[in-house]
Amino acid sequence: MIQTHSRIPGYDYGTERTAHSPLTLEDLHEMEQTVGWTRGDEKALKKAGAVLREQAEAMVDSWRAQIAKQPYLAKWFYGRDGRPDDAYKAAVKKRFVQWVIDTCTRPHDQEWLDYQEEIGLRHTPAKKNEAEHAHTPNVVPFRYLLAFAGPVILGVKEFLARGGASETEVERMHEAWSKSVLLQLALWSRAYVAPDLW
Ligand code: HEM
């Protein structure tokens, strides 16, 4: 059973502990248009949420299994002793599961925009390890973040298909999911890119 978000440690969505995005909602709208985001995508993602909610943990498990098989990815979860920090992994996992649900259900408002800034920072020295006071490496290099869009975008289709929707509906939900992940990664890149180049 998925915990309600208010009880997930370190999940600071909509609180004053979360970073502020340097973007305005108008800037966000331009980003949405750039990725091709429409009201239709918003609706399709809501439907996807109904299918994915109960599967969110299984989805994260599938991505985690891929990371575990690739030592150059797994190491970003290792403690000082060079072994997986299981407490850290477990804590982060809950927030990752919540992210699947948030991606489908949260409106693209100021709180959403601010939490995108926060998630980006949590992959960098600015905030990685902060929530758990962990001692894992202090950055996930951006090239891995971006490349992992492969599994996160493509891998979701089989989960969407399990909801009993038609092939066309699954395609539509998948398109919306893909756009949202790309949009979020573009926003997360803020934490890595020099301001005058971003
Ligand atoms: C499309 C790719 C990715 C997505 C969608 C994603 C998503 C997330 C989310 C939602 C969180 C939790 C944010 C929160 O605290 O609320 C998170 C944290 C984290 N992610 Fe990623 N991630 C991606 C790529 C990666 C990769 C490739 C790695 C390394 C193998 C990685 C390692 C981590 C770590 C270590 C944390 C915990 C950061 C902390 O200390 O708080 N992520 N990620």
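Indexing begins at 1, ligand by ligand and atom by atom, following the structure's order.
- At the shortest separation from atom 12 (C) of ligand 1 among protein heavy atoms lies Arg95 CB, 4.1 Å.
- No hydrogens or angles considered: nothing links the side chains of Gln66 and Ser62 as a donor-acceptor pair under 3.5 Å.
- Every atom of ligand 1 with a heavy atom of Tyr144 under 4.0 Å away is listed here by number and element: 27 (C).
- Checking Ser189 against Trp198 by side-chain atom types alone, a donor-acceptor pair falls below 3.5 Å.
- Below 3.5 Å of separation, one finds an N or O of Asn129 facing an N or O of ligand 1.
- With ligand atoms numbered from 1 in the order given, ligand 1 contributes 1 (C) to contacts under 4.0 Å with heavy atoms of Ala149.
- Considering backbone and side-chain N/O atoms, Tyr11 never comes within less than 3.5 Å of an N/O atom of ligand 1.
- Nearest to atom 40 (O) of ligand 1 among the protein's heavy atoms is Tyr88 OH, 2.6 Å.
- The nearest heavy-atom contact from the protein to atom 30 (C) of ligand 1 is Leu73 O, 3.2 Å.
- Between Phe77 and Tyr88, the ring-plane angle classifies as tilted under the 30° and 60° cut-offs.
- Proximity to Phe77 (heavy-atom distance under 4.0 Å) selects the following atoms of ligand 1: 32 (C), 33 (C), 34 (C), 35 (C).
- Proximity of Trp112 to Pro107: side-chain heavy atoms (C-beta onward) are nowhere separated by under 4.5 Å.
- A tilted orientation is assigned to the rings of Tyr144 and Trp76, their planes being inclined by 30° to 60°.
- Not a single heavy atom of Gly10 sits closer than 4.0 Å to an atom of ligand 1.
- In summary, the atoms of ligand 1 found under 4.0 Å from a heavy atom of Trp76, numbered by their order in the structure, are 29 (C), 30 (C), 35 (C).
- Ligand 1 has no nitrogen or oxygen under 3.5 angstrom from a nitrogen or oxygen of Glu132.
- Between the side chains of Gln184 and Thr103, at least one donor-acceptor pair of N or O atoms lies under 3.5 Å.
- In this structure, Trp188 counts as a contact residue of ligand 1, since one of its heavy atoms falls inside 4.0 Å of the ligand.
- Side-chain contact of Asn129 with Thr136: a donor-acceptor pair under 3.5 Å is present, judged by distance alone.
- In this structure the side chain of Arg95 never reaches within 4.5 angstrom of the side chain of Asp102, judged on heavy atoms.
- Close approach of ligand 1 to Lys128 is summarised as follows: ligand atoms under 4.0 Å from at least one heavy atom of the residue are 35 (C), 40 (O).
- Hydrophobic clustering (ILVMFWY, side-chain heavy atoms < 4.5 Å, transitive): Ile119 and Leu121 are in distinct clusters.
- Polar contact check, Tyr115 against ligand 1: a nitrogen or oxygen pair lies under 3.5 Å apart.
- For the pair Arg83 and Tyr78, the cation does not sit on the ring face, since its NZ or CZ is not both under 6.0 Å from the ring centre and inside 45° of the axis.
- Heavy atoms from other residues, nucleotides or ligands lying under 6.0 Å from CD of Glu167 number 12 at most.
- The distance cut-off of 2.8 Å around atom 21 (Fe) of ligand 1 captures these protein N, O or S atoms, sorted by chain and number: His123 NE2.
- Relative to the six-membered ring of Phe148, Arg143 misses at least one condition, a distance below 6.0 Å or an angle of at most 45° to the axis.
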Should Lys93 and Glu57 be marked as a salt bridge (Lys or Arg N to Asp or Glu O under 4.0 Å) after you check the CA-CA gap, both sets of side-chain angles, and the distance that decides it?
-> CA-CA 8 Å; Lys93 180 180 166 180; Glu57 189 168 4; 3.2 Å; yes

